[in-house]
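Here's the structure we're looking at; comments come further down.
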2 protein chains.
Amino acid sequence: MAVDVTEDTQTQRLNLDDQVAHLLRRAHQRASSLFLSVLGEHQLTPTQFFAMARLHERGQLSQNRLGRLAAMDPATIQGVIRRLEERGYIQRTPDANDRRRMVLTLTSRGSELVSGLLNHADTVSESILEPLDAQERGLFLDLLRRVT
Amino acid sequence: MAVDVTEDTQTQRLNLDDQVAHLLRRAHQRASSLFLSVLGEHQLTPTQFFAMARLHERGQLSQNRLGRLAAMDPATIQGVIRRLEERGYIQRTPDANDRRRMVLTLTSRGSELVSGLLNHADTVSESILEPLDAQERGLFLDLLRRVT
DNA sequence: CGGGGATTGCGCGTATACGAAAGATGCGGA
DNA sequence: TCCGCATCTTTCGTATACGCGCAATCCCCG
């Protein structure tokens, strides 16, 4: 954390390149880009894939609940779901017990697509971490999980 | 969160929550949110602040070059610059030597704003890393830089 | 010196992302 | 039972983010 005092009006200050928000933005950029280079042929964005994978994992879910499980704002998940429904990957039916809710289910097409892509997704995770060796990867994942 | 191999066609697979792209997206979300909670009163997004900070650091720059230095796509930086210019923080003048270019400069208002916020930005970096102790922070920054 | 590839900036289209607010519905306590 | 508050979903507005195509300009190389 060597920070040098530049001896001007302000006190010691971090280098711009050490801004954590900036580093995280760039890492996220790179991750999304790698994801699209692997799964892009199926026209799925990282967000879309993750929403479908969560649904595949949990079965039926309400829209809001899926949003929480996928870390997406209700306003955001709405558009994601709408586009996936338009493409025939997700089905939305009214909840019989609670008329505020819509129940989401993967269609067979959607289910097959996700199953087939889960392995590719793991490949993406590996390529993101490619600059690190095995021990560092575990360490990084642990730290990243705690910062999230 | 116990996910077990479900004994189907596929082999052992990572937990969904270990998808690196997803973890990075969430970390980025949290970082942006913390940034806005500290600098939001000045109506500056992380991206806008970083673009201005780079300009403050380097002086005059062309639009494309600023984009590269701030890790932003030419199409993206265009909108960022346009909004900052509309708000009077950045001035765009035609380059005398290369008529394709526009030279970007911070206005005095923009310059004062950035100077005053640089310390706050460092505060944000610290709050993002708050869950980690001093040693882990250095480690995390190092790993994050290499993954970027 | 002339032509073609590269660079610069713009506009369009799509997809996140989130705050704010609105409308419908559910639910618990007085 | 009814009122008020919480929840679910949608819509609006703003801002990233990036691919693609376009036009103007630059500059290198033959």
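We name chains A, B, ... by the order of the sequence lines, and we start the count at 1 in each one.
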On DNA chain D, does the nearest nucleotide to A:Met102 precede the nearest nucleotide to B:His28 from the 5' side, or the other way round? Give the residue.
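Whichever sits nearer the 5' end wins; that is A:Met102.
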Closest-nucleotide ordering on DNA chain D, the 5'-leading residue of B:Pro46 and A:Arg68:
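Result: A:Arg68.
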Without decimals, in angstroms, what is the distance between [X] [atom1] and [N] [atom2]?
X: A:Ile81; N: D:dC8; atom1: CD1; atom2: P; answer: 15 Å
X: A:Met72; N: C:dG19; atom1: CE; atom2: P; answer: 15 Å
X: B:Ile90; N: C:dG9; atom1: CD1; atom2: C1'; answer: 15 Å
X: A:Arg26; N: D:dA17; atom1: CZ; atom2: P; answer: 13 Å
X: A:Leu24; N: C:dT16; atom1: CG; atom2: P; answer: 20 Å
X: B:Arg82; N: C:dC10; atom1: CZ; atom2: P; answer: 10 Å
X: B:Met52; N: D:dT16; atom1: CE; atom2: P; answer: 12 Å
X: A:Gln48; N: C:dA15; atom1: CD; atom2: C1'; answer: 7 Å

Heavy atoms from other residues, nucleotides or ligands near CD of A:Glu86 exceed 12 (cutoff 6.0 Å)
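More than 12 heavy atoms, drawn from other residues, nucleotides or ligands, come within 6.0 Å of this atom.
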[N], OP1 or OP2 - any side-chain N/O from [X] closer than 4.0 Å?
X: B:Arg101; N: D:dA24; value: no
X: A:Ser32; N: D:dC18; value: no
X: A:Gln43; N: C:dA15; value: no
X: A:Gln63; N: D:dT10; value: yes
X: B:Ser33; N: C:dC18; value: no
X: A:Asn64; N: D:dT9; value: yes
X: A:Gln29; N: D:dC18; value: yes
X: A:Arg83; N: C:dT16; value: yes

Could you grab the distance from atom CE of B:Met52 to atom CG of B:Leu44, nearest 0.5 Å is fine?
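It is 6.0 Å, given to the nearest 0.5 Å.
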Which is true for B:Thr76 with a 4.0 Å heavy-atom rule: it touches a base, it touches only sugar-phosphate, or it touches nothing?
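Base contact.
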When all nucleic acid strands are considered with a 4.0 Å heavy-atom cut-off, which category describes B:Pro74: base, sugar-phosphate, or nothing?
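If one applies the 4.0 Å heavy-atom cut-off, B:Pro74 turns out to touch nothing in the nucleic acid.
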Ignoring the backbone of A:Ser62, work out which of D:dT16, C:dG11, D:dT9 is nearest its side chain.
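Among D:dT16, C:dG11, D:dT9, the one nearest the side chain of A:Ser62 is D:dT9.
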Sort me out a list of protein N/O and nucleotides 20-27 of chain C N/O pairs below 3.5 Å, or just none if empty.
{"from": "C:dG26", "atom 1": "OP1", "to": "A:Arg99", "atom 2": "N", "distance (Å)": "3.1"}

Sub-4.5 Å side-chain heavy-atom contact between A:Leu61 and A:Arg58:
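Side chain of A:Leu61 against side chain of A:Arg58, heavy atoms only: contact under 4.5 Å found.
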Strictly below 4.0 Å, N to O, side chains only: are A:Arg68 and A:Asp73 in salt-bridge contact?
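Not counted as a salt bridge, because no side-chain N and carboxylate O are separated by less than 4.0 Å.
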So, applying side-chain contact (heavy atoms from CB on, under 4.5 Å) with A:Tyr89, which one of A:Val114, A:Leu113, A:Ile81, A:Leu55 is it?
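Testing each of A:Val114, A:Leu113, A:Ile81, A:Leu55 against A:Tyr89, the sole residue satisfying side-chain contact (heavy atoms from CB on, under 4.5 Å) is A:Leu113.
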Aromatic rings A:Phe140 and B:Phe140: how do their planes relate, parallel, tilted or perpendicular, breaks at 30° and 60°?
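Aromatic pair A:Phe140/B:Phe140 classed parallel.
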Using the six-membered ring wherever Trp is involved, compare the ring planes of A:His28 and B:His28 and label them parallel, tilted or perpendicular (cut-offs 30° and 60°).
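A:His28 and B:His28: parallel rings.
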Nearest heavy atom decides the nucleotide; on that basis, is B:Arg25 or B:Arg92 closer to the 5' end of DNA chain C?
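Closer to the 5' end of DNA chain C: B:Arg92.
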Please lay out, stage by stage, how B:Glu136 and A:Arg146 fare under the test salt bridge (Lys or Arg N to Asp or Glu O under 4.0 Å).
CA-CA 11 Å; B:Glu136 291 169 331; A:Arg146 287 167 56 198; 3.0 Å; yes
